[in-house]
Amino acid sequence: MTHPVGPRIIVALDFADTAPALALLERLDPARCRVKIGKELFTRAGPALVRRAVDAGFAVFLDLKFHDIPNTVAGACAAAADLGVWMVNVHAQGGPAMLAAARERLAQCREPPLLIAVTVLTSLGAEDLAAIGCPGMPAERVLDLAGLAARAGLDGVVCSPQEAAALRARFGPDFRLVTPGVRPASAAVQDQKRVMTPAAAVAAGADYLVIGRPITGAQDQAAALAAIAAELGD
Ligand code: C5P
């Protein structure tokens, strides 16, 4: 893969409050990693924290998984772009009109972030999909929804490392694959069920690796990041 320019590791800032997130940003080098801000931290700390991270030089993945009517999602994406984030995501299940609206609105922004789709949440199994009226195997739905995202001109999808090879084969080299569920060979698996090592995830086709606790929970967080980067040869 040639398109990822800069660090492949995205550190998930999964903290319940601003202070530990800021402390971690202090310890990390924006030349060595990107960061992800999700729903919990954003709901606590808000746009101010996003701006702090952007101002400190970090490429920020704003992981708010927008899913609403097209006009609302388009506006939310534009607001994310105004914060200066590098990547933003939406649910592919919002449908083609919503994806197109997000894509079009971002195209009007001066510095549009990458627009990435969430396909099927990895917390959903076949029975859950049937319960919400979408029968079928999650892996098939992932490919269908990734196709919807690709046709709408989105830049890629969030996927499990297990799905990366099939998505890469189907959607080609320019479709960004962002994979959580990555664990260095030496780290505990914790509550992740289907993990891969960073090198295996990249070999399967992942462009960016979202890694949380193996870094955030380490005694020396910068050293943990450096060790994973070394595993990748970065
Ligand atoms: O600590 P850990 O490395 O497991 O964190 C992974 C991050 O990726 C968390 O922010 C989690 O919410 C997110 N994520 C995930 N699995 C998905 C989608 C997102 O673990 N399918």
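Everything numeric in this text was worked out from a predicted model, so none of it was measured. In what follows, every heavy atom counts, from backbone to side chain, and hydrogens, waters and symmetry copies are set aside. Ligands are counted one by one from 1 in listed order, and the atoms in each one are counted from 1 as well.
With Arg34 contributing its side chain and Pro7 its backbone, the two residues share a donor-acceptor pair below 3.5 Å. With Arg27 contributing its side chain and Ala222 its backbone, the two residues share no donor-acceptor pair below 3.5 Å. Of the possible donor and acceptor atoms, none in the side chain of Asp68 sits under 3.5 Å from a partner among the backbone N and O of Val73.
Close approach to Gly212 involves these atoms of ligand 1, each under 4.0 Å from a residue heavy atom: 1 (O), 2 (P), 3 (O), 5 (O). Distances below 4.0 Å separate heavy atoms of Ile211 from the following atoms of ligand 1: 3 (O). Here is the list of ligand 1 atoms found below 4.0 Å of a heavy atom in Arg213: 1 (O), 2 (P), 3 (O), 4 (O).
Closest to atom 18 (C) of ligand 1, if we only count protein heavy atoms, is Pro180 CG, 3.5 Å. The single protein non-hydrogen atom nearest to atom 7 (C) of ligand 1 is Val210 CG1, 3.8 Å, given as residue, atom name and distance. In terms of protein heavy-atom proximity, atom 12 (O) of ligand 1 is closest to Lys36 NZ, 4.3 Å. If you check which protein heavy atom lies closest to atom 2 (P) of ligand 1, you get Arg183 NH2, 3.4 Å. Remark: minimum distance from atom 20 (O) of ligand 1 to any protein heavy atom is reached at Gln192 NE2, 2.8 Å. The protein non-hydrogen atom at the shortest distance from atom 21 (N) of ligand 1 is Thr122 OG1, 2.6 Å.
Neither the backbone nor the side chain of Gln190 has a heavy atom within less than 4.0 Å of ligand 1. Contacts with ligand 1 closer than 4.0 Å are made by side-chain heavy atoms of Asp14 only, the backbone lying farther away.
Between the CG atom in Leu167 and the OG atom in Ser160 there is a gap of 8.5 Å [rounded to 0.5 Å]. For the atom pair CG (Leu24) and CZ (Phe15), the distance works out to 4.5 Å, reported to the nearest 0.5 Å.
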Trace of the side chain to side chain contact (heavy atoms under 4.5 Å, CB included) decision for Leu225 with Ile228: CA-CA 5 Å; Leu225 170 65; Ile228 298 170; 5.5 Å; no
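Taking a cutoff of 4.0 Å between a charged side-chain nitrogen and a carboxylate oxygen, Arg51 and Asp82 do not qualify as a salt bridge.
Trp86 and Tyr208 have perpendicular rings, their planes meeting at more than 60° on a 0 to 90° scale where under 30° would count as parallel.
Looking at Asp191 next to ligand 1, no N or O pair under 3.5 Å apart turns up.
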